Structure formats: C-alpha cells, structure tokens
Engineer: 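A single structure is presented below for examination.
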Amino acid sequence: MMRTERDNEALKSLQDYRNIIFAIRIRQKKMAKLIQAAAPAQKLTTSYEIHEGSYQPKRFEAVDALEAIAHNKQIIDSGFDRLEQVENALAFLEEEERLFLVMYYVDAMSVSYIASALNYASRQSIYNLRERAVTKFSQIMGCDCRGLDKT
C-alpha cells in the first residue's frame, strides 16, 4: 500500500514523540538551573548557535534571567502541545493498533518482536495491523478530533 503525504507527516510526529520528551526534560533542567543560578534581575551569560548545524563558534551574550526562563517555558509548552496531539490521536485507536505504533515507531522494536509480543503467528497479519494502524492514525492526526468521543 502506498503511503500518502498525510501518512508520512503523521508517522513523523509519532517518531518525534520520544525526541520531544527528551527535549522537554532537557529544557526543564535548564530552567531549574536558571532559577537556581540567578535572581530575576540578574543577567546571565548564555550561548547559542549562530547557524544551526554549523561548525561556527558559539556566540555569547548577556540575557535577563526572566527572558531565558520565559523562552524555555514557551518551548516546553510547545512540546507538551505536540505530545498531547499525538496522545489524543493514539487514544482513538484500538489497543493493538496503539501498541503496535508505539512499539514500532516510538520504541523502535522489530516487527518480529512485536508479532511475538502481540501473539501474531504470521508476518503478514502484523503487516496488515501496521497498515490499518497507520491509516487510522493518519486520518485522526489529519482532523481536529478534540471533543469527539472514542467509540
């Protein structure tokens, strides 16, 4: 079965799920350090990349601690919004479909391991489950499903 662009976008959000969790944890630790290290009126020295992904040296500048905390909180809130979107979409799936998607795309488990864990005897049946789960997840991610009841 050919995957659509919507399928690919939905799967990308699922694959990013674990990375978002790690990024939120890192930002939360940075915020805790900012809060401990400075009184709100103090200036902190922070660094950032001038060109993301480049090998150029980092540029340093003094920033207000409150600004740095607010910036980190904004990034954390955005991450939580993205996590909530994925979790809401997963909640609409059948348990087997949800388990497969999380085990395969988030936890990076092999199809054969998942088939064994979910008690599937044939590889074809687990691939059918994958296609069904991906299609449903993609459809849910493509719509605004807030306020809808799971059936």
Side-chain angles (χ1 to χ4, degrees), residues 1-37 44 46-56 58-59 63-151:
M1 178 181 261
M2 188 73 162
R3 290 233 162 80
T4 66
E5 185 64 31
R6 184 175 66 180
D7 291 347
N8 291 333
E9 288 176 19
L11 290 176
K12 175 80 169 101
S13 67
L14 192 57
Q15 291 167 331
D16 288 343
Y17 186 86
R18 182 171 34 182
N19 295 336
I20 294 168
I21 290 172
F22 290 140
I24 287 172
R25 287 181 184 154
I26 289 168
R27 289 290 177 171
Q28 287 173 329
K29 287 178 184 177
K30 283 184 180 183
M31 273 185 57
K33 287 180 183 178
L34 285 170
I35 291 168
Q36 288 176 349
L44 301 174
T46 188
S47 64
Y48 61 93
E49 293 287 335
I50 297 172
H51 300 288
E52 190 173 326
S54 70
Y55 292 103
Q56 295 182 2
K58 292 182 178 181
R59 183 173 153 195
V63 295
D64 187 323
L66 286 179
E67 289 176 21
I69 291 169
H71 177 72
N72 278 290
K73 183 178 180 334
Q74 183 179 22
I75 292 171
I76 289 169
D77 290 345
S78 172
F80 278 128
D81 290 344
R82 291 173 62 196
L83 291 178
E84 184 177 29
Q85 181 185 17
V86 170
E87 288 170 354
N88 287 341
L90 288 170
F92 279 85
L93 300 175
E94 306 268 335
E95 184 178 8
E96 274 188 340
E97 295 165 342
R98 182 174 46 252
L99 285 172
F100 178 85
L101 291 176
V102 171
M103 293 170 83
Y104 188 76
Y105 291 103
V106 176
D107 297 332
M109 295 180 183
S110 71
V111 172
S112 58
Y113 179 83
I114 297 169
S116 173
L118 298 179
N119 295 319
Y120 274 78
S122 77
R123 289 181 62 84
Q124 185 58 47
S125 59
I126 199 75
Y127 284 111
N128 292 341
L129 172 64
R130 179 179 68 181
E131 290 307 315
R132 187 174 67 243
V134 166
T135 301
K136 286 172 78 173
F137 182 74
S138 172
Q139 290 170 347
I140 294 166
M141 288 293 288
C143 74
D144 185 2
C145 297
R146 289 174 289 198
L148 297 179
D149 290 328
K150 294 188 301 182
T151 54

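The basis for the numbers below is simple: all heavy atoms, side chains too, and nothing from hydrogens, waters or symmetry mates. None of the values given here were measured: they were computed from a predicted structure.
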Engineer: Between the side chain of S13 and the main-chain N/O of A10, is any donor-acceptor distance below 3.5 Å?
Structural biologist: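 Present.
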Engineer: In Å, rounded to the nearest 0.5 Å, how long is the span from NZ of K136 to CG of L90?
Structural biologist: 12.0 Å
Engineer: Please examine the side chains of M141 and E9, heavy atoms only from C-beta on, and report whether any two atoms are closer than 4.5 Å.
Structural biologist: no
Engineer: Quick one: do I20 and F80 satisfy side chain to side chain contact (heavy atoms under 4.5 Å, CB included)? Show the steps, please.
Structural biologist: CA-CA 8 Å; I20 294 168; F80 278 128; over 6 Å; no
Engineer: Please round to the nearest 0.5 Å and tell me the distance separating atom CG of N8 and atom OG of S138.
Structural biologist: 8.5 Å
Engineer: Judged by atom type as modelled, is there a donor-acceptor pair below 3.5 Å linking the side chain of S78 to the main-chain atoms of Q74?
Structural biologist: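 No.
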Engineer: Can you check whether L93's main-chain N or O pairs, donor with acceptor, with R98's side chain at less than 3.5 Å?
Structural biologist: yes
Engineer: Between S125 and S122, does any side-chain donor sit less than 3.5 Å from a side-chain acceptor?
Structural biologist: yes
Engineer: Return yes if a side-chain donor-acceptor contact under 3.5 Å exists between D81 and Q85, otherwise no.
Structural biologist: no
Engineer: If you compare all heavy atoms of Y104 against all heavy atoms of M109, which two are closest, and at what distance to 0.1 Å?
Structural biologist: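 Answer, listing the atom of Y104 first, then M109: CD1-O, 3.4 Å.
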Engineer: Taking side chain as C-beta onward, heavy atoms only, is R82 less than 4.5 Å from Y17?
Structural biologist: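 No. Closest side-chain heavy atoms not under 4.5 Å.
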Engineer: Looking at CD1 of I76 and NE2 of H71, how far apart are the two atoms once the value is rounded to the nearest 0.5 Å?
Structural biologist: 10.0 Å
Engineer: Evaluate side chain to side chain contact (heavy atoms under 4.5 Å, CB included) for I75 paired with I24, printing each intermediate quantity in order.
Structural biologist: CA-CA 8 Å; I75 292 171; I24 287 172; over 6 Å; no
Engineer: Rounded to the nearest 0.5 Å, what separates atom NZ in K12 from atom CG in D16?
Structural biologist: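 Taking NZ in K12 and CG in D16, the distance rounds to 3.5 Å.
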Engineer: Can you list every pair that meets side chain to side chain donor-acceptor pair (under 3.5 Å) and has a residue in residues 109-121, with sequence neighbours left out?
Structural biologist: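 Only E96-Y120, S110-S112 qualify under side chain to side chain donor-acceptor pair (under 3.5 Å).
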Engineer: Please report the shortest heavy-atom distance between L14 and V106, naming the atom on each side.
Structural biologist: O-CG2, 3.5 Å
Engineer: Any side-chain heavy-atom pair from L129 and I114 closer than 4.5 angstrom?
Structural biologist: no
Engineer: So, taking the atom named CE in M103 and the one named CG in L118, what distance separates them when rounded to the nearest 0.5 Å?
Structural biologist: 5.5 Å
Engineer: Any non-hydrogen side-chain atom of R132 less than 4.5 Å from a side-chain atom of E94?
Structural biologist: no
Engineer: For E97 and F137: C-alpha separation, side-chain torsions, deciding distance, then whether side chain to side chain contact (heavy atoms under 4.5 Å, CB included) applies.
Structural biologist: CA-CA 9 Å; E97 295 165 342; F137 182 74; over 6 Å; no
Engineer: Is there a side chain to side chain contact (heavy atoms under 4.5 Å, CB included) between R6 and Q139? Walk through the geometry before answering.
Structural biologist: CA-CA 8 Å; R6 184 175 66 180; Q139 290 170 347; 3.6 Å; yes
Engineer: Under a 4.5 Å cut-off applied to non-hydrogen side-chain atoms, are V134 and Y105 in contact?
Structural biologist: yes
